[in-house]
Undergrad: 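Take a look at the following structure, please.
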2 protein chains.
Amino acid sequence: MSDERAAANARTRNRGIPDATVARLPIYLRALHTLADAGQRTVSSEELATVAGVNSAKLRKDLSHLGSYGTRGVGYDVAVLVDTISQALGLTQRWAVALVGVGNLGHALAGYAGFASRGFRIAALLDADPDRVGERLHGMVVRHIDELPAVVAEGSVSIGVIATPANAAQDVCDRLVAVGVTSILNFAPCVLSVPDNVDVRKVDLSIELQILSFHESRKAALTSLPSALSDDGEDEYDEAVGP
Amino acid sequence: MSDERAAANARTRNRGIPDATVARLPIYLRALHTLADAGQRTVSSEELATVAGVNSAKLRKDLSHLGSYGTRGVGYDVAVLVDTISQALGLTQRWAVALVGVGNLGHALAGYAGFASRGFRIAALLDADPDRVGERLHGMVVRHIDELPAVVAEGSVSIGVIATPANAAQDVCDRLVAVGVTSILNFAPCVLSVPDNVDVRKVDLSIELQILSFHESRKAALTSLPSALSDDGEDEYDEAVGP
DNA sequence: AGCCGCTTGTGAACGTTCGCACAAAGTCAA
DNA sequence: TTGACTTTGTGCGAACGTTCACAAGCGGCT
């Protein structure tokens with residue numbers, strides 16, 4: 001019964017690295033690559049934090065979670081940090097990815113340079129539409145979704161990307177899970193249900209726009225008021241609670 | 001000092017919807033549309049929560065923030081809830097969006113149905129590449145980025161979408177800000193710096209994959225161990241509450 | 001009318017995340 | 001070696017987010 005608590009603890013403790021930190025590591029990694037390309041050898045938490053757009057204390061705490069030690073008085077060695085973060089994220093191996101759905105978005109994803117540059121290899125393009133099967137795309141041939149088991153067996157695929165319409169997404173998801181895929185990136189605008197051992201992350205373009213819409217309409221409401229706030233639109237990150 | 005409660009109340013009651021809630025409202029909205037299309041008139045928090053993939057208590061608390069009242073013993077009126085959430089998100093007006101960058105991703109975004117269906121209108125497609133200017137795309141003609149001021153003046157654009165390469169993103173961003181755009185959705189893999197009154201949201205495809213990579217390598221490490229965890233990693237959305 | 005079962009709305013406990021502030025630990029110059 | 005200076009790593013309190021649990025309220029059945 002009390003295992004719920006234990007499970008939650010185990011998750012947090014075992015994993016060691018907090019989710020919020022994991023979500024930021026790729027940002028640091030990109031910033032570090034930029035710095036490395038510019039020839040910079042070491043970087044302070046302050047500088048890296050500025051480039052990455054975060055607070056420097058947060059950055060240092062994040063890095064402390066993965067045991068990477070900088071040098072006090074100097075900063076972090078860029079190359080070492082790149083290695084450490086890559087290791088933590090599991091990017092030292094090349095993951096094989098199966099991309100399902102070769103519509104507009106699928107086309108864009110197939111050609112997205114950011115995948116290859118971070119160690120992801122698109123192992124196969126799949127689609128259910130017979131008209132699309134056989135099409136050449138970025139040096140690969142689109143195969144039929146029924147070939148999924150073969151594809152996975154060939155290339156030890158463990159990550160699937162779903163770029164199908166919403167009504168096909170759950171079916172594709174089930175097929176992916178059935179052949180052993182345990183991580184799924186879902187671009188379809190729907191909620192997927194999966195077994196506990198499968199991770200799903202969702203990217204929804206229209207949701208992001210709707211969130212912007214919220215903030216935008218709030219800004220519009222504020223500017224229409226004569227003098228609600230003082231000199232600035234500073235309103236949500238700071239509440240004027242006296243110390 | 002004792003105003004803590006009062007301050008929290010004021011913020012909550014006023015219009016201060018927590019960010020985490022705002023981020024979920026679009027999900028509820030989509031689920032509600034699905035239910036409405038299926039002809040359902042009312043919905044309980046339990047049912048809606050299941051469809052949306054969240055905890056029902058969280059759903060109720062979220063909804064309570066926007067003052068929408070359900071009926072105890074019955075649930076929420078689907079139509080009323082759609083209206084209330086749409087209102088809260090500012091989706092009762094049609095926002096005009098300028099899409100900058102008509103590469104692979106830009107093409108996909110221009111054709112993305114999810115925009116129009118939620119009240120967003122793509123007012124213009126823009127690109128810096130003269131070869132792309134003039135191209136017809138989903139019923140629109142690609143215009144040069146230099147026409148941005150005219151575009152904004154024509155259609156009162158207040159939201160910009162950046163789908164350019166990373167090295168062009170900050171420049172495009174500055175131009176957007178200069179002509180009065182106050183909300184930006186950034187698909188370029190870089191951090192944008194903007195004035196305080198401008199909101200930026202970032203969508204980064206490779207970051208999501210890297211986060212999956214982290215969990216995936218974590219899982220791989222676990223399965224190679226003999227018996228680290230018991231039978232299960234009970235995680236998310238399910239209440240193990242006894243009957 | 002009165003009771004019963006269902007569902008909402010929310011107080012309270014808990015867990016997570018954030019950012020300040022500072023001691024510890026290093027470099028560099030003389 | 002010593003001392004001034006820089007930067008890391010972290011303890012701590014506050015803010016935020018999540019979940020439980022239950023009183024309050026509503027509809028329907030008898």
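Quick caveat: nothing in here was measured; it's all calculated off a predicted structure. Note on naming: letters A, B, ... go to the chains in the order of the sequence lines (proteins, then strands), and numbering restarts at 1 for each one.
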Undergrad: Please state how far atom CG in A:Leu25 lies from atom C1' in C:dT17, giving the value in whole angstrom units.
TA: 15 Å
Undergrad: When you measure from the side chain of A:Ser213 to the backbone N and O of B:Leu89, does any donor-acceptor pair fall under 3.5 Å?
TA: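 Between the backbone of B:Leu89 and the side chain of A:Ser213 there is a qualifying donor-acceptor contact (under 3.5 Å).
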Undergrad: Please report, rounded to the nearest Å, how far the P atom of D:dG17 is from the CG atom of A:Asp19.
TA: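 Nearest whole value for this atom pair: 15 Å.
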Undergrad: Under the rule for ring-ring contact (aromatic ring centres under 6.0 Å, His included), what residues qualify as partners of A:Tyr28, not counting sequence neighbours?
TA: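 Listed in chain order: nothing, the list is empty.
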Undergrad: Distance check needed: D:dT8 P versus A:Leu81 CG, whole Å only.
TA: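 Roughly 11 Å, once rounded to whole Å.
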Undergrad: Figure out the CG/P separation between A:Leu59 and D:dT7, and round it to whole Å.
TA: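 After rounding, the reported distance stands at 14 Å.
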Undergrad: Could you give the NZ-to-P distance, from B:Lys58 to D:dC20, as a whole number of Å?
TA: 11 Å
Undergrad: Do any side-chain nitrogens or oxygens of B:Ser45 fall under 4.0 Å of OP1 or OP2 in C:dT7?
TA: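 No, outside the criterion.
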Undergrad: Return yes if some donor-acceptor pair links the side-chain N/O of B:Trp95 with the main-chain N/O of B:Gly90 below 3.5 Å, else return no.
TA: yes
Undergrad: Output the distance between atom OH (A:Tyr112) and atom CZ (B:Phe187), rounded to the nearest 0.5 Å.
TA: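 With rounding to 0.5 Å, OH (A:Tyr112) is 10.5 Å from CZ (B:Phe187).
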Undergrad: I'd like to know whether CD of A:Gln87 has more than 12 heavy-atom contacts from other residues, nucleotides or ligands below 6.0 angstrom.
TA: no
Undergrad: Under a 4.0 Å heavy-atom cut-off, which of residues 26-39 of chain B touch DNA chain C?
TA: none
Undergrad: Take A:Gln210 and A:Ser206, measure what side chain to side chain donor-acceptor pair (under 3.5 Å) needs, and give me the verdict at the end.
TA: CA-CA 6 Å; A:Gln210 290 174 61; A:Ser206 95; 3.2 Å; yes
Undergrad: How does each nucleotide of nucleotides 20-30 of chain C score, in 5' to 3' order, for protein heavy atoms under 4.0 Å: base (B), sugar-phosphate only (S), or none (-)?
TA: BB--BBSS---
Undergrad: Are any side-chain N or O atoms of A:Ser56 and backbone N or O atoms of A:Ser45, one a donor and one an acceptor, separated by less than 3.5 Å?
TA: no
Undergrad: Measuring to OP1 and OP2 of C:dT7, would you say a side-chain N or O of B:Tyr69 lies under 4.0 angstrom away?
TA: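 No, outside the criterion.
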Undergrad: Decide, yes or no, whether a salt bridge links A:Asp171 with A:Arg175 under the criterion of side-chain N to carboxylate O below 4.0 Å.
TA: yes
Undergrad: I need the CD-C1' distance between B:Glu47 and C:dT7, as an integer number of Å.
TA: 13 Å
Undergrad: Measure NE2/B:His65 against P/C:dG9 and give the value in whole Å, please.
TA: 12 Å
Undergrad: Measuring from the side chain of B:Ser64 (C-beta onward, heavy atoms only), which nucleotide among D:dT18, C:dT10, C:dT17 has the closest atom?
TA: C:dT10
Undergrad: What is the distance from CG of B:Asp62 to P of D:dT18, rounded to the nearest Å?
TA: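 After rounding, the gap between these two atoms is 8 Å.
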Undergrad: Can you tell me which residue among B:Lys202, B:Arg118, B:Arg201 is in a salt bridge (charged side-chain N to carboxylate O under 4.0 Å, His left out) with A:Glu208?
TA: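 Going through the options one by one, the only one that passes is B:Arg201.
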